[in-house]
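Working notes for the structure below.
Counting begins at 1 with the first residue of the sequence. Only heavy atoms go into these numbers, but all of them, side chains included; no hydrogens, no water, no symmetry mates.
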Amino acid sequence: MSDKQASFYQSVESNFDKAAALTDHPKGLLEQIKVCNAIYQMNFPVKIGNSYQVIEAYRVQHSHHRLPTKGGIRFSSMVNQDEVMALASLMTFKCAIVDVPFGGAKGGVKVSPRKYNAEQLEKITRRYTVELVRKNFIGPGVDVPAPDYGTGSREMAWILDTYQQMNNGELDSAACVTGKPVNQNGIRGRTEATGRGVFYGLREMLRYEEDCKEWGFKEAGIKGKTMVIQGLGNVGSFTGSISIQEGGAKVIAVSEIEGTIVDENGINIEKLVKYRKSKGSIIGFPGTKTLPKRDDWVGIDCDILVPAALESQIHKGNAKKVKAKIIAEAANGPVTSAAEEILLKKGVVIVPDMFLNAGGVTVSYFEWLKNLSHVRYGRIQKRFDQNVYTNLVDLIQKTTGKTVSKKERQFLTRGADEVDLVRSGLEETMINSYKQIREVYKRRKKVTDLRTAAFIVAINKVSSDYLTLGVFP
């Protein structure tokens with residue numbers, strides 16, 4: 001199937017079919033897992049200035065095998081039903097892979113955030129929320145949105161406030177949406193979650209020496225690996241900064257809408273983010289050179305290529321230019337099915353999006369649980385643990401006659417706060433999920449790539465849920 005023939009949704013379906021053919025589940029069950037269960041397409045008016053605009057928007061619930069359904073809301077002028085269906089489908093498989101008990105969903109509002117001020121975006125967001133409430137497409141046990149491309153914690157706060165106004169007195173109303181500001185029932189660690197998840201996933205897959213040798217690396221581990229990042233938004237920036245600080249990777253190039261910059265000695269991502277905020281562009285960042293063509297990022301020689309922007313960025317037309325050993329899909333659907341065929345033949349390893357960028361939905365799950373329990377993580381046990389550790393250190397010092405420094409004492413006796421527990425839970429999730437994917441990849445002869453292995457893991461889990469629930473009596 002060529003890129004011109006395959007839409008984003010068709011590309012997801014193609015990948016699903018490839019994996020489904022390697023399972024022994026009934027055809028009817030596979031068809032049910034594959035299709036979108038509910039599609040809500042809406043048009044609503046919003047007064048912008050002195051005129052009215054009709055806004056096109058969507059909410060797709062892909063699978064009801066588990067409730068609530070879960071998925072972000074995208075604000076983009078490129079939004080269409082096909083894209084939202086594809087993203088909702090990926091959410092179902094993503095949740096299954098990381099053992100988060102949600103069905104997949106996704107939302108989209110066809111607007112360009114850059115063309116509206118904050119007041120106008122608030123009107124659009126609140127009006128969209130009203131539509132979702134009216135059609136029962138939002139609620140703590142029904143459908144729980146989250147941020148996506150073009151939205152963030154601000155929009156989620158508007159959604160929460162609108163929902164609570166229309167559901168006055170609902171005890172668990174804070175759980176109707178995730179990705180909220182921390183002071184509005186959000187959770188610490190959510191903003192960095194997707195990028196941190198990408199780091200944990202890459203670190204885990206590069207831990208296996210035999211695999212690294214198979215992929216052309218002299219040494220295992222993420223340390224020292226060169227990285228190119230396309231997209232300096234939330235996901236790309238945290239992927240880069242965390243990979244550098246905690247993994248020892250080296251980011252040698254960054255691409256954004258204004259162009260692509262390169263520095264073989266390494267780019268400090270945190271400084272680059274600050275530079276872009278002050279200058280409005282990554283171009284001219286000290287120590288870097290700008291490539292003649294922005295799209296040349298795809299052909300830069302590196303160990304890990306990280307597309308962290310939108311879907312279909314690596315396609316049939318540019319796949320042959322790829323020189324990276326690994327493509328880490330930090331974005332949703334950045335590699336088309338036609339491009340994937342070319343890349344796999346070249347021996348490029350593709351780490352699939354529905355595993356690698358699952359950090360966001362994993363921490364959203366933690367936030368949802370926090371909202372339902374009405375207790376902040378760490379609040380109950382932090383001081384108790386800290387006191388126990390302090391007593392242990394004191395006892396050891398008394399017994400041995402040796403003392404530790406103030407810094408060492410603080411490190412040894414601190415109790416875990418919310419962000420520590422969130423990061424720990426995310427790390428555990430990404431490690432265990434990759435192990436499941438790798439097991440299928442290694443043990444099944446007909447499975448030749450990580451995406452197919454990930455789909456098989458997801459299909460098996462969703463199939464088990466359907467059969468256990470008696471959906472097919």
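- Of the possible polar contacts, one joining the Ser11 side chain to the Ser337 backbone as a donor-acceptor pair under 3.5 Å is found.
- Using modelled atom types, no side-chain atom of Asp417 and backbone atom of Asp420 make a donor-acceptor pair closer than 3.5 Å.
- Ion pairing between Lys316 and Glu341 fails under the 4.0 Å rule for side-chain N and carboxylate O.
- Salt bridge Glu256/Arg294: absent, no basic N to carboxylate O contact under 4.0 Å.
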Should Arg414 and Asp385 be marked as a salt bridge (Lys or Arg N to Asp or Glu O under 4.0 Å) after you check the CA-CA gap, both sets of side-chain angles, and the distance that decides it? CA-CA 8 Å; Arg414 69 187 294 269; Asp385 290 343; over 6 Å; no
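- Between Lys461 and Asp99, at least one side-chain nitrogen of the basic residue sits less than 4.0 Å from a carboxylate oxygen of the acidic one, meeting the salt-bridge criterion.
- Judged by distance alone, with hydrogens and angles left aside, the side-chain atoms of Asp211 form no donor-acceptor pair with the main-chain N or O of Tyr208 at under 3.5 Å.
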As a quick check of understanding, evaluate side-chain hydrogen bond (donor to acceptor under 3.5 Å, both in side chains) for Ser364 and Arg190, giving each step before the final call. CA-CA 7 Å; Ser364 281; Arg190 174 61 183 87; 3.0 Å; yes
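- Salt-bridge annotation for Arg126 and Glu119: absent, with no side-chain N of the basic residue lying under 4.0 Å from a carboxylate O of the acidic one.
- Lys370 places a side-chain N or O within donor-acceptor distance of the main-chain N or O of Gly186, the cut-off being under 3.5 Å.
- At a cut-off of 3.5 Å, with distance as the only test, no side-chain donor of Gln436 or Asn432 sits close to an acceptor on the other residue.
- A salt bridge links Glu418 to Arg188: one of the charged nitrogens lies within less than 4.0 Å of a carboxylate oxygen.
- Of the possible donor and acceptor atoms, one in the side chain of Asn460 sits under 3.5 Å from a partner among the backbone N and O of Ile456.
- Tyr149 and Phe75 have their aromatic ring centers separated by at least 6.0 angstrom.
- Judged purely by atom type and a 3.5 angstrom limit, Lys123 uses its side chain to pair as donor or acceptor with the backbone of Lys47.
- Distance check: Glu367 CD to Thr362 OG1 gives 13.0 Å after rounding to the nearest 0.5 Å.
- Asn185 approaches Lys180 most closely through the heavy-atom pair O-CE, 3.3 Å.
- Note: Phe44 and Tyr128 have tilted aromatic rings, judged against thresholds of 30 and 60 degrees for the angle between ring planes.
- Shown are Ile244, Ile304, Ile269; of these, the side chain to side chain contact (heavy atoms under 4.5 Å, CB included) with Met227 is made only by Ile304.
- Cation-pi contact between Arg196 and Phe238: absent, since separation from the ring centre below 6.0 Å together with deviation from the ring axis within 45° is not met.
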Determine whether Asp143 and Lys106 satisfy the following criterion, salt bridge (Lys or Arg N to Asp or Glu O under 4.0 Å), listing intermediate values before the conclusion. CA-CA 9 Å; Asp143 190 346; Lys106 209 75 175 184; over 6 Å; no
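- Using modelled atom types, no side-chain atom of Asn167 and backbone atom of Glu170 make a donor-acceptor pair closer than 3.5 Å.
- Side-chain atoms of Tyr275 never come within 3.5 Å of backbone atoms of Ser281 as a donor-acceptor pair (strictly under, hydrogens ignored).
- Of the listed residues (Asn357, Val351, Ile350), just one forms a side chain to side chain contact (heavy atoms under 4.5 Å, CB included) with Glu329, and that residue is Ile350.
- A distance of 6.0 Å or more separates the ring centres of His64 and Tyr466.
- To the nearest 0.5 Å, atom CD1 of residue Ile314 and atom CD1 of residue Ile327 are 4.0 Å apart.
- Taking the six-membered ring where tryptophan is involved, the planes of Phe102 and Trp368 are perpendicular, since the angle between them exceeds 60° and thus also 30°.
- A salt bridge links Glu131 with Arg127: at least one charged nitrogen is closer than 4.0 Å to a carboxylate oxygen.
- In this pair, Phe455 and Phe16 present their aromatic rings perpendicular. The plane angle is above 60°, beyond the 30 to 60° band.
- Classification of Lys225 and Asp303 as a salt-bridged pair fails, no side-chain N sitting under 4.0 Å from a carboxylate O.
- In terms of modelled atom types and a separation under 3.5 Å, the side chain of Gln120 and the main chain of Asn117 share a donor-acceptor contact.
- For the pair Ser433 (side chain) and Met430 (backbone), a donor-acceptor distance under 3.5 Å is absent.
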